[in-house]
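The structure appears right after this line, and notes come after that.
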Amino acid sequence: MNPQDLLKLAVTVAEEAAALIVERRRGTITVADTKSTITDVVTAVDRESEELIRARVLQARPDDSFLGEEGDDVVGTSGVRWVVDPIDGTVNYLYDHPTYAVSIAVEVDGTTVAGVVVDAPKGEVFTATLGGGAFLDGKPIKSSDCSELAKALVGTGFGYDPVRRQVQAEVISHLIAKVRDIRRIGVGAIDLCYVACGRLDAVYERGLNPWDYGAGALIASEAGARVGGLHGEPVSPEMSIAAAPELFGPFHDLLAGADPLRA
């Protein structure tokens with residue numbers, strides 16, 4: 001269960017899945033189903049990508065567990081769990097906005113030890129292992145050194161429930177005059193990777209699931225960013241924050257003042 005060996009398999013599988021979804025996008029993409037609301041969509045390619053990843057992983061490591069966004073969980077006996085988003089950014093994918101990703105995190109006894117996020121249209125591969133640093137296409141990356149809110153470029157995302165979206169808009173109105181600007185990319189895993197390589201100074205979002213943040217949170221942390229939730233809590237669906245180390249404190253306090261727990 002060497003993290004580098006787990007990462008090697010994760011990268012191989014993620015790159016194959018990324019190639020698949022890019023190829024499928026050359027055809028017509030339709031909505032196969034919806035989840036929490038009519039705007040929370042699943043395509044047939046989401047399912048095809050997850051089936052491919054599951055098959056490749058469990059063929060190589062049949063005793064492992066598997067948690068995917070779209071399919072049934074697999075409970076294994078090895079202590080290793082694969083946490084997978086087969087297409088992070090499905091709405092972008094549906095509309096052919098050129099940012100969507102395959103995200104694979106690997107946990108050992110509940111701790112994430114390896115992660116890969118492949119930005120499928122761009123072909124960029126973000127990777128990390130616990131204690132081993134973070135990389136973009138094999139080259140080391142680090143988070144920005146931004147320490148001032150007024151100079152911070154911030155990323156975020158929105159939920160699918162209309163009531164939650166309204167409150168999230170109120171949070172944005174609290175932040176917008178205090179930071180450099182705000183970006184809404186639409187892919188939680190990419191947001192975290194952009195903090196890792198300095199393309200964003202901070203990111204926050206409520207409602208991300210383990211398959212959204214599993215790999216990206218490790219990559220951001222290994223790149224030197226500070227990652228967590230509110231008030232000392234770890235990253236969770238309640239709140240995910242990643243920021244340059246000296247920015248995290250003031251940014252956290254700004255968010256807490258906006259009462260994002262309601263969002």
Side-chain angles (χ1 to χ4, degrees), residues 9-60 66-74 82-105 115-127 136-137 155-162 164-165 168-169 183-194 199-200 203 205 207-216 219 237:
L9 176 58
V11 170
T12 298
V13 174
E15 289 181 331
E16 184 179 357
L20 170 74
I21 65 178
V22 169
E23 175 61 30
R24 293 291 186 266
R25 192 61 195 76
R26 296 189 175 108
T28 300
I29 304 299
T30 57
V31 174
D33 201 356
T34 60
K35 293 185 285 188
S36 60
T37 72
I38 60 170
T39 57
D40 186 6
V41 299
V42 180
T43 71
V45 186
D46 287 86
R47 293 171 175 168
E48 185 180 9
S49 176
E50 184 164 314
E51 288 168 5
L52 182 151
I53 296 168
R54 183 196 305 262
R56 296 290 187 268
V57 166
L58 296 182
Q59 180 181 31
F66 189 96
L67 172 65
E69 181 176 11
E70 309 303 343
D72 294 332
D73 298 348
V74 174
W82 298 72
V83 182
V84 172
D85 195 333
I87 304 179
D88 192 13
T90 298
V91 173
N92 282 1
Y93 186 71
L94 179 66
Y95 281 84
D96 203 18
H97 287 283
T99 305
Y100 46 88
V102 176
S103 174
I104 302 177
V116 56
V117 174
V118 179
D119 186 327
K122 297 182 182 69
E124 292 186 330
V125 181
F126 295 87
T127 59
L136 168 55
D137 294 337
T156 193
F158 302 114
Y160 290 105
D161 178 77
R164 175 175 288 183
R165 284 178 177 233
Q168 288 173 324
R183 295 289 182 268
R184 200 287 200 236
I185 295 168
V187 189
I190 293 294
D191 283 343
L192 289 161
C193 290
Y194 278 12
R199 294 177 186 171
L200 291 170
V203 65
E205 188 166 352
L208 291 182
N209 291 297
W211 47 80
D212 299 308
Y213 61 72
I219 293 165

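Note that this is a predicted model, so its numbers are computed, not measured.
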Close side-chain approach of Leu192 to Val203, heavy-atom, < 4.5 Å: yes

Partner set under ring pair (Phe, Tyr, Trp, His ring centres under 6.0 Å) for Tyr93, not counting sequence neighbours: Tyr100

Non-hydrogen atoms of Ala215 and Ile104 that approach each other most closely: CB-O, 3.5 Å

Residues Asp85, Asp212; criterion side chain to side chain contact (heavy atoms under 4.5 Å, CB included); working and verdict: CA-CA 6 Å; Asp85 195 333; Asp212 299 308; 3.1 Å; yes

Closest heavy-atom pair and its distance - Val187, Ala101: CG1-CB, 4.2 Å

Thr12: side chain to side chain donor-acceptor pair (under 3.5 Å) partners, not counting sequence neighbours: none

Exercise: do Asp88 and Ser103 side chains pair donor with acceptor under 3.5 Å: no

Set of residues satisfying salt bridge (charged side-chain N to carboxylate O under 4.0 Å, His left out) with respect to Glu23, sequence neighbours excluded: Arg26

Heavy-atom closest pair, residues Asp119 and Pro98: OD1-O, 4.5 Å

Considering all heavy atoms, the nearest Thr127-Ile219 contact: C-CG1, 3.9 Å

Where Asn92 and Ile185 come nearest, the two heavy atoms and their spacing: ND2-O, 3.1 Å

Donor-acceptor contacts under 3.5 Å from residues 48-59 side chains, at least two apart:
from, atom 1, to, atom 2, distance (Å)
Glu48, OE1, Arg24, NE, 3.0
Glu48, OE2, Arg24, NE, 3.3
Glu48, OE2, Arg24, NH2, 2.7
Ser49, OG, Pro86, O, 3.1
Glu50, OE1, Glu69, N, 3.1
Glu50, OE1, Glu70, N, 2.8
Glu50, OE2, Arg54, NH2, 3.3
Glu50, OE2, Glu70, N, 3.4
Glu50, OE2, Gly71, N, 2.7
Arg54, NH1, Asp72, O, 2.7
Arg54, NH2, Asp72, O, 3.2
Arg56, NE, Glu16, OE1, 3.0
Arg56, NE, Glu16, OE2, 3.2
Arg56, NH2, Glu16, OE2, 2.7

Residues which pass side chain to side chain donor-acceptor pair (under 3.5 Å) with Arg184, listed by chain and number, not counting sequence neighbours: none

Separation between OG1 of Thr99 and OH of Tyr194, rounded to the nearest 0.5 Å: 5.5 Å

Heavy-atom closest pair, residues Val22 and Pro121: CG2-N, 4.2 Å

Polar side-chain atom of Gln168 near backbone of Gly159 as donor-acceptor pair, under 3.5 Å: yes

Residues Arg164, Asp161: salt bridge by 4.0 Å N-O rule: no

Pairwise distance CG(Asp46) to CD1(Ile87) - rounded to 0.5 angstrom: 4.0 Å

All side chain to side chain donor-acceptor pair (under 3.5 Å) counterparts of Trp211, not counting sequence neighbours: none

